[in-house]
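Notes follow once the structure below has been shown.
The chains referred to below are lettered A, B, ... by the order of the sequence lines, with proteins before strands, and numbering in each begins at 1.
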Amino acid sequence: MIKAIATNSIDGWLKRLSAQAVVFVPQRRTGGDVVLEPMQPGRRAAHYRRLAESPKRILLPQVDELVRFEANRGRPVLDETQRILFGLRPCDAAAVAILDEFFSRDFADPNYLARRRHMRLIVAACPESAESCFCLSAGTGPVAADGFDVQLFDLGEIHLAAAGTEEGKALMARGGELFGDPPPDAQQQLAEFRRKSEAAQQTHLDLDRVRKIIRDRAEPAHFWEGVADRCLMCGGCAYLCPTCTCYDVADQPTGPGQGVRRRLWDTCVLGGFTREASGHNPREPQSLRCAHRYLHKLGGSDSSERPFRCVGCGRCADTCITRLGMIRVVTELLEGVAGSK
Amino acid sequence: MAGVLTTCPYCGCGCNMELQVAGGRVVGTSPVGGHPVAQGSLCVKGWNAHEFVHSPDRLTGPLLRRDGRLAPVSWEEAMDFAAGGLKRIAAEHGPDALAFFSSAKCTNEENFLMMKLARAAFRTNNVDHCARLCHASSVVGLAETFGSGAMTNSIEELAQADCIFVIGSNTTEQHPQVAARILESVRRGGALIVADPRSIRLTRFAKVHLRHRPGSDVALVNSMMHVILAEKLENREFISARTENFEALARTVRAYPPRRGEAISGVPADLIAQAARTYARAKAAAIVYSMGITQHVTGVDNVRSLANLAMLTGNVGRPSTGVNPLRGQNNVQGACDVGALANVYSGYQSVTDPAARQKFARAWGTDELPGQVGLTVVEAINAAADGRVKAMYIMGENPMMSDPDIRKAEKGLRSLELLIVQDIFLTETARLADVVLAGASFAEKDGTFTNTERRVQRVRKAIEPVGQARADWEILCDFARRVGCEQMSYAGPEDVFNELAELTPSYHGMSYARLEPWGLLWPCPEPGHPGTPYLHQGTFARGKGHFSPAEHRPPDEIPDEHYDLILTTGRIYFHWHTGSMTRRTNPLNRESPEAFVEISPEDAAARGIRPGGRARVSTRRGAIELTARVTEDVAPGVLFIPFHFHEAAANLLTNPALDPEAKIPEYKACAARVEACP
C-alpha cells in the first residue's frame, strides 16, 4: 500500500505521532553531524542524511542499567518508553534487524527487547550517499527491503510512504487526511528514485569475495599485523558500528546495601575483552583481534539472507582515528591478494 | 537523551566531544564531526570520558578532619575553617608561609582565579602547578631560543610534513590525534625518525629508530648537528637572516662527531648520520617531543638542542615544521598561559617586572604585588618539610602520586599546619588533608581549556555538580570573599575570562562568543584577529632566533654496582597520570588493571625473573613490588614503570634531582636494581 503525503505536512504528522510517543527526528548539531534527538516544538527535522550515530545509541545505550538491587532482591530495569525513530536510513533498519536477532537468539534479553517492543521505525530511503556509504555492496540499501514500519521516499514536493508492518499502517492512519493517494506514475517515480540513488553511490566493495578470502584464511602473510600496527585501539569502529553488540557487565554500589548492574559498550579490539582470569589471552596479539573483528563482520554468518554483519554504513571508516575502517581494510586486502598472485 | 558539546578532559589534543545527558546524569560520549582536531574520532579514553563522573567514589561534599578522621561537614564550616586557617597562618608567619597548587585539569578561568587568590588576596607568588613536572623545560628552553614556549605549529600541519623527528614521545599512546597525523605523513611518503630508549608503536613506521640511553639526548642531537655541518646540509640563508650566536653552536657541536655520540648514547654512528641527513634534507621537517626530553636534569638543555637543530636547518616559521612540545594535560598549556606559575602572571608577564606588577595591581585594585619569584611545586614541598611553608591549598593535583620521591613529598605534606585539598576524589593527597573541598568534574562546569596547539576552546556544563560538590571557580571566589578579598566576585566563568583576556596580550582578542564553535589559536591580540596556527613566521617572537649550545651532562644518578640499571618512568594508553579518573573507569581499568615493570629478556633471565612473575624494584628512595613484563621493547640495562598505580607507585623510586633552571625533576632516569620476589 503506497500513500502520498505533502512534504510540508510531515511535521504535522510527526506532531500527531508525538502525542503517543517520543518522536526522534534528525537534528543538525554544531559541526554538521546529523543525529536523532527528541522532536522539540518549533524545530523542524533536519534534511535526511546518514546519521552520525545509529539507533544503537538508543536501543543499546553506552551505559545501560540492567538490574537495580538491594539486600537480596534484584529488580530488572525495563525501559518501556514509546519511541518512534523518524528518518533512519535503510542500513540502520537492517542493523536493527540484526540486533533483534542477536538479542533474542539464545536468550531473550529483557532489557533490549523491552525497549525494542516499544519502538517504531520510520525509514527514509536514501536519495543520496555519503562518500563512505557502501550499502549497495552490503545489500542493505539505498532502499530498504524490510525492517521498517514505514518507509518514506522523498520526491521533493511530496513523499511517498509505504507501510512495512501493521504498526506502520497504524502510524500512517494517525496522519489521517494528510495521507492521500499516490500520483498515477508513483511506481515509475519510485523506480527512478532507486536508479538515481544507486547511481549516486561512489564506494563499491566486493564483500562476497572478501568473505571467501577471510573464511578460507587466504589473506596475504602478515596482513592483519599491518592492520593492527595502525589500529590505536580507540574502539570507535565497534562503538559506532550499528551491529556491534559486545558488552561488559559491571556492578556499581549506589548506597548502603544497594547497587546497580550496568551493561557497558565493549569491543573485541581490546585485549581485556578475551583475557581470561589466569591472565592468558587467546587473542593476545592485536592482529588476532583485528582479524576477528573483520571475520565476524564479513565472514561469520552462515545466513544466505544476511551474509554480512556489516550493513555498509561506513561509520567505522569515518571515525577511525587513523582512517582505517572497513573500506580501507577491504581495499588493502583485495589489493594484497591480487598482488600476491 | 540530549548532547552537550564540550572538550575532552584527558590529553592536550583537545578533542571536542558530545556528552550524552539523560535524567541529570552523563550516560555516554559521542565523537563530533567537523572539529579540527577530533574530526569525528576519539581515543578510548575520550570514548569513556563519562564513566568516572558518577563513580561512587566521587566526593559529594566537603570533609573536615576531626579526631584524626575526615568527616562530612557543611560548606559553611569547611570554608570557614579553610579560609580562617590560611588567614591566620599568613598573619602569623607572613604570606610566603603559604603555597598554592593550581591544576592543569581545571579551566583557564579557575587557574587564573587561583593565581589571583595567591597574588592579590595573600600577596605571595608561591603558586605553581604540574606544568613544572612536565614542560617547565620547554617554557624555559623555547623562550630563550625562540621567545615563546609553546608548540610552534598546529596539529593538522603534521600530516603534510616531509619528515617528522619524534623524540621522547610515545605519541600513539599519549597523543593519539597527533600520532594519527604522523601516520598520515608516513602514508604520504614522509620519513619518520624516532628516538626513544624503548621500542614503541611508532618505531614500526620509522625509517630510523635511534634507541638511545635515557639521558643522552643532548649528545645525540649534537651529533646530528655535527653531521649536518660536516656535510654542509645546514640552511645558511636562514641562519644568517633569522638567527644569532651560530658560531658558538658550531664550536660546541664540532666536539660531537657521531662516534662520540655513539659512545654516549649507544646509537650506532651511522644511524645518527642517517637521521641527520634525513631530517636536514627534508623540505618541511617537524620535531615532536614530550616528556622524554623535558623530565631530565638536562631538560632545558635538551629543549635548547632541539631548537638549535630546527634553526640550523631552517625548519621554523613555516607550515608543517617547527619544534612541537606535546603538552600532556588537557589544560596544562592554559594553566601556564594564565599564570599559574611561580614566576609569571598570565601571558608570561614576569612578576619581577615592575611594569607588569603595576599593571596587575591596578587591574585588581590592590597596592603593591610581591616582586620575588615564588616557590615551584617541588620546592614548595621541600620548604614544607623544613618548616618554611606552613600551609598549602592544593586544587586538583595529587603530589602523593605525581611528585618524585613520594616519601619526601609525604614528609613535607605531613609537616604542614594546614593542608587544604580541593578535588573530585579522595586522592592519596586528599587523604592527608585537614579539610577537603569537593570540586566539580569537567562535565559540571563552564570554562575554557587550551590544548597543546594553543587552541583555546569551550568547556560546557552538561549536568549539575554531583551531590553538594561545587564548581571550582565558585569555591575559589567564595574563599576569596571569606579572606576579605573584594576583587574576586564574578557573575560566572565568562566574566572571569573577560578579565583574563583583558590582562593577557595573547588572549586579548578572545571572548566566549568568538570561541564558537572550535576556539582560536593564540596569539590572538585583538578582537578581529583570526588566531595563529604557526608561530615565528618572518621573525621570531624574540626577534632573532638564538642558538643556545649545550654540552652533554649525564643524569644525576648513573648505574653503579649497587643499582645497576636505569629506571625510566612514563604513561600508558589506557590510563591517565595518577589514575584517579581512569582507574575508576571500568573499560579502561579492565584493560590495564595492575602495575608492571618492563624488563628485557636478558636482564630478566640473569635475575631469575619470569614473564608475569613478581619483581621487586628498588632505588635509593624506596622499593615496590609489581608484575614483570618481559619484553624486547626495552633495551638491556633499562627498566620502564608507568606511574599510574598507587599500589606500586613508581614515584616512590624516582629521583627528586631538579634541572637547575626549570626545576623539573628527573623522572626519566635514575639508578635501580631489580630482583625476583621470593
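Contact count versus chain B (heavy atoms, under 4.5 Å) is highest, among A/Leu270, A/Thr30, A/Val63, A/Val35, for A/Leu270. Comparing B/Ser41, B/Pro31, B/Cys43 by heavy-atom pairs within less than 4.5 Å of chain A, the highest count is held by B/Ser41. Among A/Cys320, A/Gly271, A/Gly32, A/Gly235, the residue with the largest count of heavy-atom pairs under 4.5 Å with chain B is A/Gly271. Between chain A and the residues B/Gln177, B/Gln20, B/His50, B/His35, the largest count of heavy-atom pairs under 4.5 Å involves B/His50. Counting heavy-atom pairs closer than 4.5 Å to chain B, the top residue among A/Asp33, A/Thr322, A/Leu36 is A/Asp33. Note: B/Thr29 leads B/Thr29, B/Leu5, B/Asn16 in heavy-atom pairs under 4.5 Å with chain A. By number of non-hydrogen pairs under 4.5 angstrom with chain A, the leading residue of B/Gly34, B/Gly28, B/Gly33, B/Ala38 is B/Gly33. Counting heavy-atom pairs closer than 4.5 Å to chain A, the top-ranked of the candidates B/Gly3, B/Ala2, B/Pro593, B/Pro56 is B/Pro56. The residue among A/Gly255, A/Cys231, A/Ala52 with the most heavy atom pairs within less than 4.5 Å of chain B is A/Cys231.
For chain B, no part of A/Pro61 is nearby; none of its heavy atoms comes within less than 4.5 Å. Looking at B/Glu18, only its side chain comes within 4.5 Å of chain A, counting heavy atoms on both sides. The parts of B/Arg590 that come within reach of chain A are both its backbone and its side chain, each placing non-hydrogen atoms under 4.5 angstrom from that chain. Residue A/Glu225: no heavy atom, backbone or side chain, is found under 4.5 Å from chain B. For B/Glu184, no part lies under 4.5 angstrom from a heavy atom of chain A. Only the side chain of A/Asp266 comes within contact range of chain B, with heavy atoms under 4.5 Å apart. The part of B/Leu42 that comes within reach of chain A is its backbone (N, CA, C, O), which places non-hydrogen atoms under 4.5 angstrom from that chain. For a residue to count as touching a neighbouring chain, one of its non-hydrogen atoms must lie under 4.5 Å from one of that chain's; by this rule A/Leu232 touches chain B with backbone and side chain alike. Residue A/Arg57 touches chain B through both its backbone and its side chain, counting heavy-atom pairs closer than 4.5 Å. With a threshold of 4.5 angstrom between heavy atoms, A/Arg323 approaches chain B through side-chain atoms but not through N, CA, C or O. Contact annotation for B/Glu516: neither backbone nor side-chain heavy atoms come within less than 4.5 Å of a heavy atom of chain A. Only the side chain of B/Arg187 comes within less than 4.5 Å of a heavy atom in chain A; its backbone stays farther off. In this structure, chain B has no heavy atom under 4.5 Å from any part of A/Ala238.
Taking all atoms of both residues into account, the shortest heavy-atom contact from B/Tyr10 to B/Gly46 is CD1-N, 4.4 Å. Summarising the geometry of A/Ser132 relative to A/Thr203, their closest heavy-atom pair is CA-OG1, 4.4 Å, with the distance given to 0.1 Å. The heavy-atom pair separating B/Arg58 from B/Val53 by the smallest distance is NH1-O, 3.0 Å.
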Item checked: side-chain hydrogen bond (donor to acceptor under 3.5 Å, both in side chains) evaluation trace for B/Gln174 with B/Ser290 -> CA-CA 9 Å; B/Gln174 303 314 331; B/Ser290 195; over 6 Å; no

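If you check the side chains of A/Lys297 and A/Thr243, you find a donor sitting under 3.5 Å from an acceptor. Side-chain contact annotation: A/Asn281 with A/Thr274, donor-acceptor N/O pair under 3.5 Å present.
Cation-pi geometry between B/Arg584 and B/Phe425 is satisfied (NZ or CZ under 6.0 Å from the ring centre, within 45° of the ring normal).
Heavy-atom neighbours of B/Gln468 CD from other residues, nucleotides or ligands within 6.0 Å: at or below the threshold of 12. The local environment of CD in A/Glu131 is sparse, with at most 12 non-hydrogen atoms from other residues, nucleotides or ligands closer than 6.0 Å. In this structure, B/Arg614 places its CZ atom where more than 12 heavy-atom neighbours from other residues, nucleotides or ligands lie under 6.0 Å away.
Applying the side-chain contact (heavy atoms from CB on, under 4.5 Å) test between A/Pro55 and each of A/Leu121, A/Leu99, A/Leu88 identifies A/Leu88 as the sole match.
Ring geometry, A/Tyr239 versus B/Trp47: the interplanar angle falls from 30° to 60°, so the pair is classed tilted.
Aromatic ring centroids of B/Phe645 and B/His575 lie under 6.0 Å apart.
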